[in-house]
Amino acid sequence: MDDLSADEIREYRGTLTKPGKNSPHRDRAVAENLDLFERMKNGEFPDGSRVLRAKIDMASPNINFRDPVMYRILHAEHPRTGDKWRIYPMYDWAHGQSDSIEGITHSICTLEFENNRPLYNWFLDQLGVYHPKQIEFARLNLTHTIMSKRKLLRLVKERHVNGWDDPRMPTLRGLRRRGYTAAAIRKFADMIGVAKANSMVDLGMLEYAIREDLNACAPRAMGVLRPLKITIENYPEGMVEEFEVPTHPQDKENREMRVVPFSREIFVEQSDFMEDAPGKFRRLTLGREVRLLGAYYVTCTDVVKDDDGNVVELRCEYDPESRGGQSPDGRKVKGTIHWVSAQHAVQAEVRLYDVLFTDENPEADGDFIENLNPNSLEVIENAMLEPGLAEARPGDHVQFMRQGYFVVDSVDSKPGKPVFNQTVSLRDSWKKMQQK
RNA sequence: UGGGGUGUGGCCAAGUGGACUAAGGCAGCGGACUUUGAAUCCGCCAUUCGGAGGUUCGAAUCCUCCCACCCCAGCCA
């Protein structure tokens, strides 16, 4: 039993390079120790007034051996024992015993506990109980995020994110709400391995794992995130056609089809039109023919702008011969874009995500909060989706073709009114070309 | 500067004396294919294993010295 204050204990402990010195209470009689300990347990003493320490070696080069504290007084309500015990054990003292009681063979933990292993072993040896083996491995670090529970807690408490299950959080709950499947997380774990070297895994690996999994199973659909209206001037007014398109075009086994309506006015992606388009741009520009996925070839004939010069609408003409997306003359059309019939589109909220932190290593210097990416969440209120998507249920995965994988949010979706969270975008080699 | 760890390509990571002129994956770069600029496919991408010596017929693997980085001075875990 030691009556030294916390400050005194610190002083007596010495430093990394200087040995500590014995506490004046180190050689108290056993009977007195027993009595004091019992009374400490029963709550006779205030918090911090004394502690139980293991008598080991105040000069040990391993600071953990300089008479480590085993129990301290805490007048706290324990969830199981209530107020029966007013003392609580320290990690090093309790850890080995709980592992031993549970019959654990290998107690896996992170690198920072390497210094504690000798003490883990020492306590178990003194006790003479079943002795599990502690093995330390490096923790997982991912670029552009943090993994420390304490730091994650701060993100939650300071409301930088919307809770532990915020889709931007690297927590299991966050990942699941983001649309990460268990299989993808396991695949990722297999990919990165386990080792003792401190390392930082590129976020790209995680994204690869989820893309691979979702590519195989996610049904495809068309969704226009930032709509640009097109009027197909030579398409009969009031006419509606229904096209059958494959839901799993990449899957040779699964021939499932779905029906999407087509009409004179459609929405396409704003980014699929460019006024002064370079030759390599395979999408819409004045006079260039593109294929509307699964529907018709269409050529832009006119650009409508508002007073500020913003493009607000496109006029096009379609080739009736190209029904289904191919023409009898066999001419090639390089670009294929997704679309949604304006009168049939369902409006939905879509949330796009970017990395939580702009720096690869947010903890590198300064306060990691400073590195928060202000644009990690973008909410699109009025995305235009193909009508079938209205029936999507929470947890459903879908690929919005040419854009990315999305999952129906399990918290904010309402029946018939799904909210989509972006799981991960598709790879985008066009964007890469542009950046060069 | 006491003690404990780790160093293999941009990133992760096998390999612990001979089949290693170093596996695999991610990223990257070429190209093929394509009704998703996706996916798929094909090719390229460390003569060198933190550095320097040494042992050996033979070293990423053994020895010596050195260097870099991480962890430990909570009555936190």
Side-chain angles (χ1 to χ4, degrees), chain A residues 2 4-7 9-20 47-53 59-66 68-74 87-92 94-95 109-118 136 138 140-143 149-150 187-188 190-209 211-212 215-216 220 222 245-246 249-251 272 280-283 290-297 322 324-326 332-338 360 399-405 425-434:
Chain A
D2 194 357
L4 253 30
S5 71
D7 284 344
I9 286 181
R10 181 160 51 243
E11 273 178 49
Y12 276 66
R13 188 157 31 226
T15 69
L16 293 177
T17 48
K18 265 176 276 179
D47 287 6
S49 55
R50 41 173 58 98
V51 292
L52 178 69
R53 295 228 254 165
S60 172
N62 182 341
I63 289 179
N64 291 316
F65 274 72
R66 322 249 257 230
V69 172
M70 297 164 76
Y71 284 101
R72 80 283 211 183
I73 302 168
L74 242 42
I87 55 173
Y88 288 81
M90 299 297 290
Y91 170 85
D92 285 312
H95 185 206
C109 61
T110 39
L111 254 29
E112 65 270 29
F113 293 102
E114 279 171 330
N115 299 311
N116 302 58
R117 178 165 23 103
E136 310 82 17
L140 166 62
N141 293 304
L142 254 189
T143 57
K149 277 175 289 193
R150 296 176 185 193
K187 162 82 184 174
F188 172 67
D190 283 346
M191 281 170 72
I192 60 176
V194 180
K196 292 195 72 172
N198 254 318
S199 58
M200 185 172 287
V201 176
D202 194 309
L203 221 213
M205 286 236 221
L206 216 211
E207 295 188 333
Y208 177 86
R211 283 192 188 109
E212 185 183 69
N215 175 49
R220 314 287 133 122
M222 292 192 284
V245 292
Q250 86 297 354
D251 190 334
D272 282 337
K280 292 194 168 181
F281 187 77
R282 301 191 200 154
R283 314 173 191 177
V290 302
R291 172 167 38 233
L292 297 175
L293 208 151
Y296 288 108
Y297 291 177
S322 63
Q326 58 203 105
K332 296 275 189 232
V333 170
K334 271 214 190 109
T336 301
I337 64 174
H338 58 279
E360 278 210 338
Q399 184 199 93
F400 289 170
M401 293 185 83
R402 305 208 305 130
Q403 307 203 95
Y405 297 97
S425 69
L426 252 30
R427 296 179 68 198
D428 189 350
S429 61
W430 167 244
K431 191 168 151 194
K432 227 178 270 173
M433 275 170 71
Q434 283 179 304

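Quick note on labels: first sequence line is chain A, next is B, and so on, each numbered from 1.
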* To do: Please determine, for G28(B), whether a Watson-Crick or G-U wobble partner exists with both distances under 3.5 Å, and give it or none.
  => C44(B)
* Roughly how far apart, to the nearest Å, are A39(B) and C33(B) at atom C1'? -> 11 Å
* Asked: Would you call Asp7(A) and Arg10(A) a salt bridge, using N to O less than 4.0 angstrom?
  -> yes
* **Interatomic distance where CG belongs to Asp428(A) and P belongs to A38(B) [whole Å]** => 8 Å
* How close or far is atom C1' of A23(B) from atom CE of Met191(A), stated in whole angstroms? -> 16 Å
* Would you indicate whether the side-chain heavy atoms of Met90(A) and Tyr71(A) approach each other to under 4.5 Å? => no
* Name the closest nucleotide to the Asp202(A) side chain, picking from C11(B), G7(B), G3(B). => C11(B)
* Asked: At under 4.0 Å, does any side-chain N or O of Thr336(A) touch on OP1 or OP2 of G37(B)?
  -> no
* Asked: So do the side chains of Leu206(A) and Leu142(A) get within less than 4.5 Å of each other, counting heavy atoms only?
  -> yes
* Could you tell me the separation between the CG atom of Asn215(A) and the C1' atom of A38(B), rounded to a whole number of Å? => 7 Å
* Structure fact -> Glu212(A) CD to G25(B) P, in whole Å, measures 11 Å
* d(CG, Asn198(A); P, C72(B)) in whole Å -> 11 Å
Can you pull every protein N or O that's under 3.5 Å from an N or O on nucleotides 73-77 of chain B?
residue : atom : partner   : partner atom : Å
A73(B)  : O3'  : Arg13(A)  : NH2          : 3.4
A73(B)  : O2'  : Arg13(A)  : NE           : 3.3
G74(B)  : OP2  : Arg13(A)  : NH2          : 2.9
G74(B)  : O6   : Arg150(A) : NH1          : 3.4
C75(B)  : OP1  : Arg13(A)  : NH2          : 3.3
C75(B)  : OP2  : Arg13(A)  : NH1          : 3.1
C75(B)  : N3   : Gly48(A)  : O            : 3.3
C75(B)  : N4   : Leu4(A)   : O            : 2.8
C75(B)  : N4   : Ala6(A)   : N            : 3.2
C75(B)  : N4   : Gly48(A)  : O            : 3.1
C76(B)  : OP2  : Arg72(A)  : NE           : 3.0
C76(B)  : OP2  : Arg72(A)  : NH2          : 2.5
C76(B)  : O2   : Arg150(A) : NH1          : 2.7
C76(B)  : O2   : Arg150(A) : NH2          : 2.0
A77(B)  : OP2  : Tyr91(A)  : N            : 3.0

* **Euclidean distance, atom CG of residue Leu142(A) to atom C1' of C12(B) [Å, nearest integer]** => 11 Å
Within the sub-3.5 Å range, which N or O atoms of nucleotides 48-51 of chain B have a protein N or O partner, and how far apart are they?
none

* Asked: Which nucleotide, U1(B), G37(B), C29(B), lies nearest any side-chain atom of Lys432(A)?
  -> C29(B)
* Expressed as a whole number of Å, how far does the P atom of G50(B) sit from that of A14(B)? -> 14 Å
* With RNA chain B as reference, determine whether Arg117(A) or Tyr405(A) sits nearer its 5' end, using the nearest nucleotide of each. => Arg117(A)
* To do: Look at all strands and tell whether Gln399(A) reaches a base, only sugar-phosphate, or nothing, counting heavy atoms closer than 4.0 Å.
  => base
* Asked: Which value, in whole Å, describes the distance between the P atoms of nucleotides G3(B) and C44(B)?
  -> 49 Å
* **Contact check, side chains of Glu136(A) and Glu114(A), non-hydrogen atoms, under 4.5 Å** => yes
* Heavy atoms under 4.0 Å, any strand shown: does Arg283(A) hit a base, just sugar-phosphate, or nothing? -> base
* Asked: Is it the case that Asp92(A) and Asn116(A) place a side-chain donor and acceptor less than 3.5 Å from each other?
  -> yes
* **Between A22(B) and A59(B) - C1' atom distance, rounded Å** => 13 Å
* Ignoring hydrogens and angles, does a donor from either the side chain of Gln250(A) or the base of U40(B) sit under 3.5 Å from an acceptor on the other? -> no
* Separation of Arg211(A) atom CZ from U40(B) atom P, in whole Å? -> 11 Å
* Asked: Side chain of Ala197(A): nearest nucleotide among G7(B), G2(B), A39(B)?
  -> G7(B)
* What interatomic distance, in whole Å, is found between P of C63(B) and the corresponding atom of G5(B)? -> 15 Å
* To do: For the residue pair Trp430(A) and Arg282(A), establish whether any side-chain heavy-atom pair is separated by less than 4.5 Å.
  => no
* Interatomic distance at P, G24(B) relative to C41(B), whole Å -> 15 Å
* To do: Have a look at Val194(A) and say if it touches a base, only the backbone sugar-phosphate, or nothing, with a 4.0 Å heavy-atom cut-off.
  => sugar-phosphate
* Quick one: does Ile192(A)'s side chain get under 4.5 Å of Leu140(A)'s, heavy atoms only? -> yes
* Spacing of the C1' atoms in C69(B) and G74(B) (rounded, Å) -> 25 Å
* For Phe281(A), which contact category applies under a 4.0 Å heavy-atom criterion: base, sugar-phosphate, or nothing? -> base
* Asked: Can you list the steps and then say if Lys196(A) with Leu111(A) is a side-chain contact (heavy atoms from CB on, under 4.5 Å)?
  -> CA-CA 7 Å; Lys196(A) 292 195 72 172; Leu111(A) 254 29; 4.1 Å; yes
* Asked: Between Gln403(A) and Leu426(A), is any pair of side-chain heavy atoms under 4.5 Å apart?
  -> no
* Asked: Side chains of Leu293(A) and Ile337(A): does their closest heavy-atom pair fall under 4.5 Å?
  -> no
* Protein-nucleotide distance (Leu140(A), atom CG; C11(B), atom C1'), rounded to Å -> 13 Å
* **Anti versus syn assignment for G31(B), with syn defined as within 90° of 0** => anti
* **Validation row: Ile73(A), Arg50(A) side chains within 4.5 angstrom (heavy atoms)** => yes
* Is it true that Asp272(A) and Arg402(A) have a side-chain N and a carboxylate O under 4.0 angstrom from each other? -> yes
* Can a side chain N or O of Arg427(A) be found less than 4.0 Å away from OP1 or OP2 on G28(B)? -> yes
* May I ask you to say what Leu426(A) touches in the nucleic acid, namely base, sugar-phosphate or nothing, with a heavy-atom cut-off under 4.0 Å? => base
* Asked: Can you find an N or O donor on one side and an acceptor on the other, under 3.5 Å apart, linking the side chain of Asn115(A) with the base of G3(B)?
  -> yes
* What does U6(B) pair with, Watson-Crick or G-U, if both distances are under 3.5 Å? -> A68(B)
* Verify the contact: side-chain N or O of Ser199(A) to OP1 or OP2 of A13(B), cut-off strictly under 4.0 Å; return yes or no. => yes
* Pair assignment for C62(B), Watson-Crick or G-U wobble, requiring both distances under 3.5 Å -> G54(B)
* Asked: Using atom P of each nucleotide, how far apart are U8(B) and C70(B) to the nearest Å?
  -> 15 Å
* Listed nucleotide nearest any side-chain atom of Ala195(A), set U1(B), A13(B), C71(B) -> A13(B)
* Asked: Does the pair Glu207(A) and Arg427(A) meet the rule for a salt bridge (charged side-chain N to carboxylate O under 4.0 Å, His left out), with working shown?
  -> CA-CA 10 Å; Glu207(A) 295 188 333; Arg427(A) 296 179 68 198; over 6 Å; no
* To do: For Arg402(A) and for Met205(A), locate the closest nucleotide of RNA chain B by heavy-atom distance; then report the residue assigned to the nucleotide nearer the 5' terminus.
  => Met205(A)
